[in-house]
Amino acid sequence: MDTTEIQGLIAQGRLEEALMALNQAMQCEQDSEVLHLMRGKVFWKLGNKGAAISDYESAVAINPDSPAAHLLEHARGIMDFFNPDQFNP
């Protein structure tokens, strides 16, 4: 399955299927920045923030100018956010 078909699955909300297709594609292309970026986005949508950040880091390691660098920065900002007032009314 190519990236266009996988993007179609994502657009349709078929995230589990997209994740399986991405995992299969990555068996052949382990150093694909695009596949790491796409899988990171799917992981994020599925709520697996740690796996998403890991994939964003992998994409940035392959290409420091990757759009994943921007996503990684935002993801880390979200994960680092702490609001003490939320827990202490």
Side-chain angles (χ1 to χ4, degrees):
M1 186 173 287
D2 67 12
T3 57
T4 304
E5 292 172 315
I6 295 171
Q7 287 174 337
L9 291 174
I10 295 168
Q12 295 171 16
R14 297 164 55 188
L15 300 178
E16 293 292 338
E17 291 177 60
L19 183 59
M20 288 175 23
L22 284 163
N23 287 336
Q24 285 182 331
M26 290 178 77
Q27 289 177 356
C28 298
E29 297 181 57
Q30 296 174 358
D31 293 332
S32 171
E33 164 205 349
V34 172
L35 293 177
H36 280 283
L37 176 61
M38 289 176 67
R39 190 171 72 172
K41 289 180 179 181
V42 170
F43 276 135
W44 191 269
K45 288 180 180 188
L46 289 171
N48 191 342
K49 309 289 191 237
I53 289 171
S54 184
D55 269 340
Y56 295 156
E57 288 172 341
S58 296
V60 171
I62 295 166
N63 176 10
D65 296 325
S66 170
H70 184 68
L71 293 173
L72 180 59
E73 181 182 334
H74 282 281
R76 285 183 175 157
I78 290 168
M79 298 302 285
D80 290 342
F81 180 75
F82 175 72
N83 183 351
D85 295 334
Q86 184 176 10
F87 302 108
N88 301 312

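Numbers here simply count residues along the sequence, with the first being 1.
There is a path of hydrophobic side-chain contacts, each under 4.5 Å, that joins Leu37 to Ile53. Connection of Leu9 to Leu15 is established within a shared hydrophobic cluster, with ILVMFWY side chains joined at heavy-atom distances below 4.5 Å, either directly or through further cluster members. Two different hydrophobic clusters hold Trp44 and Leu19 under the rule that ILVMFWY side chains link at heavy-atom gaps under 4.5 Å. No chain of hydrophobic side-chain contacts below 4.5 Å, direct or via other Ile, Leu, Val, Met, Phe, Trp or Tyr residues, connects Phe43 to Met79.
Summarising the geometry of Pro64 relative to Ala69, their closest heavy-atom pair is O-CB, 4.0 Å, with the distance given to 0.1 Å. Listed here is the closest heavy atom pair of Ala68 and Tyr56: CB-O, 3.8 Å.
By the 6.0 Å contact criterion, NZ on Lys45 is open, its count of non-hydrogen atoms from other residues, nucleotides or ligands being 12 or less.
Tested against Lys41, the residues Ile10, Leu46, Leu71 include a single side chain to side chain contact (heavy atoms under 4.5 Å, CB included) partner, Leu71.
Pairs passing the salt bridge (Lys or Arg N to Asp or Glu O under 4.0 Å) check and including a residue from residues 51-67, sequence neighbours excluded, read Arg39-Asp55, Glu57-Arg76.
Looking at heavy atoms from C-beta onward, Ile78 lies out of side-chain contact with Lys49 at the 4.5 angstrom threshold. In this structure the side chain of Met20 never reaches within 4.5 angstrom of the side chain of Gln24, judged on heavy atoms.
Within the 3.5 Å criterion, the main-chain N or O of His70 finds no donor-acceptor partner in the side chain of Glu73.
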Show every donor-acceptor pair shorter than 3.5 Å between a side-chain atom in residues 25-34 and any protein atom, with sequence neighbours excluded, or say none if there are none.
| unit_1 | atom_1 | unit_2 | atom_2 | d |
| --- | --- | --- | --- | --- |
| Ser32 | OG | Leu35 | N | 3.2 |
| Glu33 | OE1 | Asn63 | ND2 | 3.0 |
| Glu33 | OE2 | Ser66 | OG | 2.8 |

